[in-house]
Trainee: 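Right, I'll just put the structure down here and ask away after.
Being a predicted model, the structure only gives us computed values, none of them experimental. Residues take their numbers from the sequence shown, with the count starting at 1.
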Amino acid sequence: MSIHTPKIEKKVTLTTIAKMKGVEPITMVTAYDALFAQLFDAEVEMILVGDSLNMSFLGKEDTLSATMDQMIYHTQAVCNGAKLPLIVLDMPFGTYTSPEVAIQNATRAYQETNAQAVKIEGGKERVHIVEALTQNSIAVLGHIGLMPQFLRSDGGYKIRGKDQADIDSLVEDAKALEAAGVFAIVVEGVKSEAAQAITKAVSVPTIGIGAGNTTDGQVLVWSDMFGFFEAFKPKFVKQYCDGAKHVRDGLEAYRNEVKAKEFPSEEYTY
């Protein structure tokens, strides 16, 4: 039986998220436009404007060709639609290759959108990037484990944390990111034991995706969880409705009524 939780009534901040660690699970979804962002407003603590839009809505095979201009455009739209969640802009591939490049692009994100943070992928090797951003008043959401932007260099999507050595490496990544100043860490595609070890090792919240239920929160891509993206369904995705079927059923009804001259009826005519 599901527990009904009250809607969010005030703006979620970085302090809000920090205080939820070990107290209340954090809910996070992706969004890419104002329409759906408005639907998600007051329902989740965090919205990620993810570079996953490159696959879900642009039809690409991976996220790597997403650009900063695209991310800013979609983040502007999301910020127009959602006022209460903490909104994070996903820094696309190639936009944080050095501290200088990262600061330049993240500064654009802050100046041109109302996003409260940016997300970057990587562990120990990204510490100098995170430090540069946080020291310049830019909040950072970390991301470790399975990292989509590492797809080609890693040789595909690979689950992490299958042995103790890898778990230890992931914990080291999380601790290094925490020390560098991230306010939270996305933990993707790892065994649940690894996610639990990471969550216990750091004082910042962890947001899981394909990492079991021992993290401090969860994130899903909205088109996956609502059944709109049909190319494939990852094991960790629960579909909360069959969105594609609902749309097709509605479209079929519309087409049939138009063909039969039943729509528009007098009710829908001036």
Trainee: Can you measure from CH2 (W222) to OH (Y32) and round to the nearest 0.5 angstrom?
Mentor: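 Rounded to the nearest 0.5 Å, the CH2-OH separation comes to 8.5 Å.
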
Trainee: Using the side chain to side chain contact (heavy atoms under 4.5 Å, CB included) rule, pick out the option among I26, I207, L141 that qualifies with I17.
Mentor: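 Testing each of I26, I207, L141 against I17, the sole residue satisfying side chain to side chain contact (heavy atoms under 4.5 Å, CB included) is I26.
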
Trainee: Measure from the side-chain N and O atoms of N136 to the backbone N and O of I138, and report whether any donor-acceptor pair falls under 3.5 Å.
Mentor: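 Such a contact is absent between N136 side chain and I138 backbone.
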
Trainee: With side chains defined as the heavy atoms from C-beta onward, is the minimum distance between L48 and M28 less than 4.5 Å?
Mentor: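 Heavy-atom side-chain distance check passes, below 4.5 Å.
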
Trainee: Classify the side-chain pair T199/D216 by whether it contains a donor and acceptor separated by less than 3.5 Å.
Mentor: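 D216 and T199 do not have a side-chain donor-acceptor pair below 3.5 Å.
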
Trainee: Grab the two heavy atoms, one from A211 and one from A195, that are nearest each other, plus how far apart they are.
Mentor: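 Shortest heavy-atom contact: O-CB, 3.2 Å.
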
Trainee: I'd like to check E43 versus V29 (side-chain heavy atoms, cut-off strictly below 4.5 Å). Are they in contact?
Mentor: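 Sidechains of V29 and E43: no contact.
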
Trainee: Do any side-chain atoms of residues 167-194 form donor-acceptor pairs under 3.5 angstrom with protein atoms, and if so which ones, sequence neighbours left out?
Mentor:
unit_1	atom_1	unit_2	atom_2	d
D168	OD1	Q164	NE2	2.8
D173	OD1	K124	N	2.9
D173	OD1	K124	NZ	2.7
E178	OE2	S203	N	2.9
E178	OE2	S203	OG	2.2
E188	OE1	H143	NE2	3.0

Trainee: Does a sphere of radius 6.0 Å around CG in N114 hold more than 12 heavy atoms from other residues, nucleotides or ligands, not counting ones at 6.0 Å or beyond?
Mentor: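 No - once you tally the heavy atoms of other residues, nucleotides and ligands closer than 6.0 Å, there are 12 at most.
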
Trainee: Counting neighbours of NZ on K19 that are heavy atoms of other residues, nucleotides or ligands and sit closer than 6.0 Å, is the number greater than 12?
Mentor: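 Counting neighbours around NZ of K19, 12 or fewer heavy atoms of other residues, nucleotides or ligands fall under 6.0 Å, so no.
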
Trainee: Just by modelled atom types, is the T67 backbone N or O under 3.5 Å from a matching donor or acceptor in the Q70 side chain?
Mentor: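 Checked: pair present.
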
Trainee: Can you name the closest pair of heavy atoms from V88 and V118 and give their distance?
Mentor: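 Reported closest heavy-atom pair: CG1-C, 3.7 Å.
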
Trainee: Can you tell whether the side chains of D166 and K158 come within less than 4.0 Å, N to carboxylate O?
Mentor: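 Salt bridge: no.
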
Trainee: Below 4.5 Å, heavy atoms only, C-beta onward: do L89 and K119 meet side chain to side chain?
Mentor: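 Contact flag for L89/K119 side chains = no.
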
Trainee: Is any side-chain heavy atom of I47 closer than 4.5 Å to one of V78?
Mentor: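 Yes. Closest side-chain heavy atoms under 4.5 Å.
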
Trainee: Can you name the closest pair of heavy atoms from D51 and A66 and give their distance?
Mentor: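 The pair with the smallest heavy-atom distance is CB-CB, 4.1 Å.
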
Trainee: Can you check whether N105 reaches M68 side chain to side chain, under 4.5 Å on heavy atoms?
Mentor: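 Side-chain contact under 4.5 Å: yes.
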
Trainee: Atom CD1 in I8, atom CG in L84: separation rounded to 0.5 Å?
Mentor: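 Between I8 CD1 and L84 CG, I get 7.0 Å after rounding to 0.5 Å.
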
Trainee: Can you confirm whether the side chains of E262 and S265 place a donor and an acceptor under 3.5 Å from each other?
Mentor: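 Side chains of E262 and S265: no pair found under 3.5 Å.
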
Trainee: Treating Ile, Leu, Val, Met, Phe, Trp and Tyr as nodes and any side-chain heavy-atom pair under 4.5 angstrom as an edge, say whether F93 and V101 lie in one connected cluster.
Mentor: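 The answer is no; the residues belong to distinct hydrophobic clusters.
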
Trainee: List the steps, then state whether side chain to side chain contact (heavy atoms under 4.5 Å, CB included) holds for E45 with T16.
Mentor: CA-CA 9 Å; E45 284 83 24; T16 309; 5.6 Å; no

Trainee: Side chain to side chain contact (heavy atoms under 4.5 Å, CB included) for V130 and T134? Distances and angles first, verdict last.
Mentor: CA-CA 6 Å; V130 174; T134 56; 4.1 Å; yes

Trainee: Side chain of R126, backbone of I120: donor and acceptor closer than 3.5 Å?
Mentor: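 Such a contact is absent between R126 side chain and I120 backbone.
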
Trainee: Do the side chains of L14 and V140 join up, straight or via other hydrophobic residues, at under 4.5 Å, putting them in one cluster?
Mentor: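 They do share one cluster, since a chain of ILVMFWY contacts under 4.5 Å joins L14 to V140.
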
Trainee: Measure the spacing between CD of E9 and NZ of K7 and express it to the nearest 0.5 Å.
Mentor: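 Answer for the CD-NZ pair, E9 versus K7, is 10.5 Å.
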
Trainee: Only pairs at least two apart or in different chains count here, so list each side-chain hydrogen bond (donor to acceptor under 3.5 Å, both in side chains) that has a residue in residues 72-89.
Mentor: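 Passing the test, one end in residues 72-89: no pairs.
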
Trainee: With side chain to side chain contact (heavy atoms under 4.5 Å, CB included) as the test, would you mind laying out the steps for F236 and I209 before giving the verdict?
Mentor: CA-CA 7 Å; F236 61 81; I209 175 168; 3.4 Å; yes

Trainee: According to a 4.5 Å side-chain heavy-atom criterion applied to Ile, Leu, Val, Met, Phe, Trp and Tyr, with indirect links allowed, do V202 and V127 form part of one hydrophobic cluster?
Mentor: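 Result: no, two separate clusters.
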
Trainee: Is there a continuous path of hydrophobic side-chain contacts, each under 4.5 Å between heavy atoms, that joins M46 to M20?
Mentor: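 M46 and M20: one cluster.
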
Trainee: Can you tell me how far the CG atom of D224 sits from the NZ atom of K233, to the nearest 0.5 Å?
Mentor: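 One gets 9.0 Å once the value is rounded to the nearest 0.5 Å.
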
Trainee: Can you list the steps and then say if F226 with Y240 is a ring pair (Phe, Tyr, Trp, His ring centres under 6.0 Å)?
Mentor: CA-CA 5 Å; F226 297 138; Y240 286 85; 7.2 Å; no

Trainee: Under 4.5 Å between side-chain heavy atoms, hopping through other hydrophobics if needed: is there a path connecting V23 to V12?
Mentor: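 Unlinked, V23 and V12 end up in two clusters.
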
Trainee: How far apart are the closest heavy atoms of V221 and S52, and which atoms are they?
Mentor: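 For V221 and S52, the tightest heavy-atom pair comes out as CG2-OG, 4.0 Å.
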
Trainee: Does the side chain of M91 come within less than 4.5 Å of E121's, by heavy atoms?
Mentor: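 No, every pair of side-chain atoms sits at 4.5 Å or beyond.
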
Trainee: Would you say K21's side chain and V204's backbone share a donor-acceptor pair under 3.5 angstrom?
Mentor: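 Side chain of K21 to backbone of V204, a donor-acceptor pair under 3.5 Å: yes, one is there.
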
Trainee: Can I103 and T107 be said to form a side chain to side chain contact (heavy atoms under 4.5 Å, CB included), step by step?
Mentor: CA-CA 6 Å; I103 290 171; T107 297; 3.8 Å; yes

Trainee: Please report the interatomic distance CZ(F228) to OG(S223), rounded to the nearest 0.5 Å.
Mentor: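 Result: 9.0 Å between the selected atoms.
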
Trainee: Could you check R108 against D69 for salt bridge (Lys or Arg N to Asp or Glu O under 4.0 Å), going step by step and ending with a plain yes or no?
Mentor: CA-CA 10 Å; R108 276 195 67 196; D69 285 343; 3.0 Å; yes

Trainee: Would you give the length of the straight line joining atom OH of Y110 to atom CG of L133, rounded to the nearest 0.5 angstrom?
Mentor: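 Y110 atom OH to L133 atom CG measures 9.0 Å (nearest 0.5 Å).
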
Trainee: Around atom NZ of K245, are there more than 12 heavy atoms from other residues, nucleotides or ligands closer than 6.0 Å?
Mentor: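 Counting neighbours around NZ of K245, 12 or fewer heavy atoms of other residues, nucleotides or ligands fall under 6.0 Å, so no.
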
